[in-house]
Amino acid sequence: MIAGPTPHSPEPGTPATPPAMPGGAATGARPGAALAEPAGAPAEGGFVVSLERYSGPLDLLLSLIKREEIDIWDIPIARIADQFLQAIHVLGLDEAAEYLEMAARLLRIKAQMLLPRRGDEEPWEDPRHELVRRLLEYQQIREITDWLAAAARRRAECYVRGWIPAAPDVPAPPPVLDLTELVEAVERVLAMMPDPVIMRVMPRPLNVEGATRRVLDLLAERERFGWRDLLGERPTIVDVLSCLVSLLELARAGTLTLAQRRPFTPFDVARGPAYQAA
Amino acid sequence: MWPVDQRTRLLEAALFAAPRPLALDELAVLDADATEDDWRRALAELSDHYQTEGHGVELAEVAGGWQITTLPIFAEAIERAAFAARPAKLSGAALEVLAIVAYRQPVGRAEIEDIRGVACGGVLRMLQERGLLEVAGRSEGLGRPILYATTPLFLELVGLADLADLPRTEELAVALKPLQAEPPAGAPEPPQPAEP
Amino acid sequence: MWPVDQRTRLLEAALFAAPRPLALDELAVLDADATEDDWRRALAELSDHYQTEGHGVELAEVAGGWQITTLPIFAEAIERAAFAARPAKLSGAALEVLAIVAYRQPVGRAEIEDIRGVACGGVLRMLQERGLLEVAGRSEGLGRPILYATTPLFLELVGLADLADLPRTEELAVALKPLQAEPPAGAPEPPQPAEP
């Protein structure tokens, strides 16, 4: 809804009606809008726009058609398309995707209407047909919405009991559930079940003996060495685990000692008290 | 003078104590000896009494059950005094979504958005949180979208006893019939009038 | 016959709609013309009416105010009926999780999520809270995940005496794909439509 001046002058080709937004007659028939809380207080000054006024591009289009007293079965698409573009500009809706999509649709229909029709033997499909169908469908929903709004208002005049005696500490009622629902759920689950992927687990025994030999070889060479020296360039997980187990075994026997200088750093391996050169 | 039927008194007490409309089968729990007809008689007696004996409340059939509510003529005074909490109002968008779901349920989000021409994920979530819509299952279609349906609380909100009390689509000013009568040849499928 | 005093009717409506006992000075807001004595008379009239005309409720002075309460003689029957909040329907997701647990129990969360392809921690918690699932132990596997099983309440709700009475999944699987016959072993051709 526009309040205040609308900074627009009639464009050539549009009817002489001012480009003010449809209001008045169209809005009077919308109890649903009366029920709506405004999305926020509109700013003062300039022109004030309530986006809540229109629930979508179809609503805006219907309002334009009503205001112009246009026969919905024979929409002058060029005129309505122009007015729609103008309206979304004034309403500041020309960045809303849904309104832009409708604008594009109107322009496409406008172009299709200009195409020369082929001969009479070829049945002509009115490019406006789908739009008319959607408009009527939406208009029906609006009528139902208004009916619901009135019903809700009537109902709101009847207060229900304000004070409900505290129920004794009864557990929450059991949920509603029946076997049919469960069976339907099973069917849904069966339908969504992925095909089983069968993976075989291959036994890969740790090679602790081999690792122990490598540790002892290194200790024979050097008094101390780093954890990384023990492992090759790109050790496999089995190599790492094998070395770790062998180091722990040898440390327990006192053959070597393990020391970590700082947390989260590689540890050093050194000859232990029980080390005997091989 | 009101014939003091003990069952009618029990009925009144139960309706006063219940936090929502009570259906006939729920009343049965109150008195194992009473048949549904007995309860119907008691309901009629209580309703009669409220109407003829000058009360401030009445008996209403709502959401498949029975409920005592205040008379509409006192709404203004009660609202002015503001001791009763009024239910929060719904936006026009929310009512539109409710209207579509009420007539097309169970219905998926895509169809609702198609009819309204705008996205409505937020509204759907809000209506679910407020207990006015519920998930009624999933469609068999691509992506198995969630389908929505209205709840008894929706019927309470609009004061209807049953979904069948919604206006029939034939009674609406905008009937979709004419379009079906003269579809241009080769037109996409004609629109289906929604069934409640 | 009750003298239909409009103020008494308004009083009844207001007391009915108010969420707490109303004091005399609160009643004043309802009708600017009425004095406290007028309200006292209305209260007396309403109380009288409830007592003499065979109602299920009475007027009680509570916490410095007035309130309509149900008669104590009906308390037991109403308590037994336990008209709590509406029993809630389970969501589609909850039903699916229940279905998986029913057929695979005891089963861990990971397996359920594998089958459904979506997380289900919240649904599992809700089903536990509502007494439909329970923890049946822990798996021996990595991290010793919790295993879930259905409860006796679950069986009661679906009306089964025993888990063995659940419809067989093989039958369901076949029912799902009625047009696909078992291809002969080693047959290269696509599945044949089943004979009617």
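Each chain gets a letter, A, B and so on, in the order its sequence line appears, and its residues count up from 1. Note that this is a predicted model, so its numbers are computed, not measured.
- With rounding to the nearest 0.5 angstrom, the NE2 atom of B/H55 is 7.5 Å from the CD atom of C/E53.
- For the pair C/Q6/B/I73, a side-chain contact is recorded, criterion being any heavy-atom separation below 4.5 Å from C-beta on.
- In this structure, the portions of B/I68 lying under 4.5 Å from any heavy atom of chain C include both its backbone and its side chain.
- No more than 12 heavy atoms of other residues, nucleotides or ligands lie within 6.0 Å of CZ in B/R125, so this atom counts as exposed by the packing criterion.
- Using the six-membered ring where Trp is involved, B/H49 and C/H49 have ring planes that are parallel, under 30° apart on the 30 and 60° scheme.
- The minimum heavy-atom distance linking B/L10 with C/A77 is given by the pair CD1-CB, 4.0 Å.
- Here the OH atom belonging to C/Y50 is positioned 13.0 Å from the CZ atom belonging to B/R9, to the nearest 0.5 angstrom.
- Using a 4.5 Å cut-off between heavy atoms, B/T151 makes no contact with chain C at all.
- In this structure, OG1 on C/T70 lies 11.5 Å from CG on B/L15, to the nearest 0.5 angstrom.
- When every heavy atom of C/I78 is checked against every heavy atom of B/A17, the shortest pair comes out as CG2-CB, 3.7 Å.
- Taking CG from C/D31 and CZ from B/R80, the interatomic distance works out to 8.0 Å, rounded to the nearest 0.5 Å.
- Taking the six-membered ring where tryptophan is involved, the planes of B/F16 and C/F16 are perpendicular, since the angle between them exceeds 60° and thus also 30°.
- With rounding to the nearest 0.5 angstrom, the CD atom of C/E76 is 11.5 Å from the CG atom of B/L30.
- Smallest separation of non-hydrogen atoms from B/G56 and C/A13: O-CB, 3.5 Å.
- Interface remark: C/L22 contributes side-chain atoms only to the contact with chain B (heavy atom separation under 4.5 Å).
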